[in-house]
2 protein chains.
Amino acid sequence: MTTIADVARHAGVSVATVSHVMNHTRHVEPETAERVRAAITALRYSPNSVARSLRRGETKTIGLLLPDNSNPFFASVARQIEDAGFVSGYTVILCNSDGNAEKEERYLSVLMAKQIDGLIFAGSSDHARVFARLLPSVPAVLLDREIQSVNVDSVLVDHDHGGYLAGKYLVGLGHRTIGVIGGPRDSSSSPARLRGFVRALGEAGIELPPSSIVDSDYHFAGGRLAMEQLMAQAPDITAVFACNDLMAMGAITALRSHGSRVPDDISMVGFDDIPYAVTTWPPLTTIAQPVEKIGTRAVSLLLERLGEPEAPSRREVLAPVLIERESCAARR
Amino acid sequence: MTTIADVARHAGVSVATVSHVMNHTRHVEPETAERVRAAITALRYSPNSVARSLRRGETKTIGLLLPDNSNPFFASVARQIEDAGFVSGYTVILCNSDGNAEKEERYLSVLMAKQIDGLIFAGSSDHARVFARLLPSVPAVLLDREIQSVNVDSVLVDHDHGGYLAGKYLVGLGHRTIGVIGGPRDSSSSPARLRGFVRALGEAGIELPPSSIVDSDYHFAGGRLAMEQLMAQAPDITAVFACNDLMAMGAITALRSHGSRVPDDISMVGFDDIPYAVTTWPPLTTIAQPVEKIGTRAVSLLLERLGEPEAPSRREVLAPVLIERESCAARR
DNA sequence: GGGCCATGACGACGATTGCCGATGTCGCAC
DNA sequence: GTGCGACATCGGCAATCGTCGTCATGGCCC
């Protein structure tokens with residue numbers, strides 16, 4: 001590997017000069033600078049970032065810790081974050097924790113050792129210990145999660161509002177007896193979605209009996225099972241709100257195998273707007289999470305904090321929007 | 001940040017000793033070692049990987065350059081690679097190139113500057129220039145791509161064989177007039193899949209007229225359009241082989257809106273076995289790529305090469321397998 | 001001679017590691 | 001029993017990795 005010293009020798013100057021022409025950090029005689037640049041290209045020199053990082057005390061690297069990159073939602077977020085980081089000269093280290101507290105801790109240690117400049121964290125549940133020990137020592141942005149701490153900003157999605165949107169929409173179509181397929185109780189998102197949904201119904205004077213709510217797990221198969229159960233215990237429903245798209249897709253499958261037609265017999269609203277929401281039949285009406293914004297805002301917050309480490313911590317909440325496709329119809 | 005010198009001072013030993021107890025790199029009096037360990041935990045010391053990397057000349061980092069992490073196939077591969085790397089102490093830097101040659105080159109430069117120990121590259125097309133300039137200088141593994149070069153291994157999927165499997169299967173079900181929805185001509189995978197498929201048909205004495213082949217783009221909407229076209233120009237087909245699942249899903253949608261039923265009227269075989277292949281109705285019969293193996297084998301090859309840089313380059317080919325679900329039926 | 005300009009020399013940054021010195025142990029010869 | 005050298009054990013010093021910022025220096029002009 002060629003080093004800055006090689007370049008200096010080749011150009012007949014000192015290493016300091018080479019460094020300065022590369023970084024435009026002090027004036028160098030144009031002629032000299034030209035000679036240096038020539039040497040750089042001649043030797044195909046590229047500065048060693050490791051040495052640079054050691055010297056400068058910054059790595060231009062951000063850690064991205066999320067539950068599972070093979071989950072399309074996180075994959076999209078990761079993609080956005082990587083893109084946004086790259087344009088600002090940052091590189092992303094990807095870590096998958098499966099929401100496992102121990103793994104999160106191990107990854108965090110590695111990332112800290114690697115001297116990341118910042119962290120973007122999408123924990124799957126609240127592991128206070130992890131945060132308390134490690135987070136304060138590096139600027140961080142939490143996704144869909146909050147914590148009282150300096151140095152930590154949050155990007156939140158207004159799940160409550162999303163649920164409200166879904167409720168308003170179904171009520172507006174004339175539905176009165178509505179079923180719900182909920183996500184995991186211990187997630188932070190599902191209860192909020194449910195809350196907003198219930199509120200919308202409440203505003204229309206509609207009450208949601210416990211028998212019209214079935215909890216599930218955010219997965220396709222879980223959604224199918226939940227729908228079976230829902231059909232059994234609340235056979236008169238004309239619409240369903242599934243707390244995510246995957247479960248909505250599973251529910252549609254269950255309905256189809258029972259001969260129910262969507263949206264003719266039952267309307268279906270999902271949540272997330274994953275890319276595959278358009279591949280179902282009928283295409284799924286859903287509440288879209290602003291995936292793109294989540295990623296870009298997270299990076300922006302992080303970079304701003306790097307510029308001003310002592311600024312008070314911020315929380316940014318992003319609004320989901322209703323995407324109307326073909327899985328809902330007015331009540332007959 | 002606390003450094004090794006702080007620990008040494010705190011334990012009353014030299015930095016060398018601290019280093020040696022951390023790395024078990026020479027015998028240290030148990031008593032002394034214990035004192036050092038105590039100091040380490042007392043000060044919450046964690047060695048600075050950047051300094052270590054500079055000194056050791058290795059970063060325990062591998063670069064992963066792929067077209068698009070939001071594509072579920074690559075997302076899964078990335079996940080597998082990250083997992084496999086982590087257990088061996090490697091960390092992954094994620095880069096999305098969109099298959100854009102210029103981006104690939106920029107990323108490669110950054111990765112080289114960051115002194116990655118190895119590279120896993122899933123290029124979307126052959127950018128010989130990129131490779132020629134940069135690849136030889138770092139151990140690399142190519143995914144689904146080959147190139148004549150030292151230091152470069154490949155993990156390949158036998159697309160030809162996958163296509164063959166699909167053909168054999170449909171022929172075995174009694175189909176004789178079969179349509180094909182192809183992927184991009186300039187990809188390396190689609191033509192190979194097609195080739196294998198045609199061979200299987202040939203062995204059964206079946207010929208594929210040009211009118212039963214429609215090329216598309218590996219996307220859902222493209223698949224739908226292609227199916228429309230296929231129905232128009234080859235109305236008598238009883239089965240379709242789509243060169244990936246997304247197009248198969250689009251094709252099923254097109255068929256449904258024309259009142260054709262899958263598999264009763266038309267059988268459908270996809271390729272890839274993306275997670276969403278089970279969410280269609282009917283669940284999609286498809287040729288599965290060994291996603292998991294691709295990732296783990298890529299990491300293994302890379303690590304083995306790191307251990308033995310001068311070994312002859314290797315190519316590992318992985319066999320796809322037929323996953324029988326419900327989108328195919330015997331010809332009426 | 002003071003001030004300015006362009007550049008060079010040099011010491012961190014934090015960890016690893018080859019080399020050397022100090023101390024302790026043991027065996028052997030007298 | 002004593003003295004001495006060979007050898008093993010343990011720990012410290014200092015060089016090193018490649019880059020960058022600070023201080024120093026030499027030349028030049030007014």
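Just so you know, these numbers come straight off a predicted model, no measurement behind them.
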Taking the side chain as C-beta and beyond, is there a heavy-atom pair between A:Leu108 and A:Leu119 under 4.5 Å?
yes
Without decimals, in angstroms, what is the distance between A:Leu43 CG and D:dG18 C1'?
15 Å
After noting the C-alpha distance and the side-chain angles of A:Thr61 and A:Lys114, does the key distance pass the side-chain contact (heavy atoms from CB on, under 4.5 Å) rule?
CA-CA 9 Å; A:Thr61 297; A:Lys114 294 220 173 205; over 6 Å; no
Please report the shortest heavy-atom distance between B:Val141 and B:Ala298, naming the atom on each side.
CG2-O, 3.7 Å
B:Asn48 CG to D:dG18 C1': how many Å, rounded?
15 Å
Near DNA chain C, which residues from residues 11-29 of chain B have a heavy atom under 4.0 Å away?
B:Ala16, B:Ser19, B:His20, B:Met22, B:Asn23, B:Arg26
Could you tell me the separation between the CD atom of A:Gln115 and the C1' atom of C:dG14, rounded to a whole number of Å?
9 Å
Tell me, with the steps shown, if A:Val110 and B:Phe86 meet side-chain contact (heavy atoms from CB on, under 4.5 Å).
CA-CA 10 Å; A:Val110 173; B:Phe86 190 66; 4.3 Å; yes
Please confirm whether the shortest side-chain N or O distance from A:Thr32 to OP1 or OP2 of C:dA6 is below 4.0 Å.
no
In residues 51-60 of chain B, which ones come under 4.0 Å of DNA chain D, going by heavy atoms?
B:Leu54, B:Arg55
Check the pair B:Arg79 / A:Phe74 against side-chain contact (heavy atoms from CB on, under 4.5 Å), numbers first and verdict last.
CA-CA 11 Å; B:Arg79 166 64 142 119; A:Phe74 290 118; over 6 Å; no
Taking the side chain as every heavy atom from C-beta outward, state whether B:Leu302 and B:Asp153 have any atom pair closer than 4.5 Å.
no
Treating A:Arg26 as the side-chain partner and A:Val21 as the backbone partner, does any N or O pair qualify as donor plus acceptor under 3.5 Å?
no
Has A:Asp117 got a side-chain atom pairing as donor or acceptor with A:Thr59's backbone, closer than 3.5 angstrom?
yes
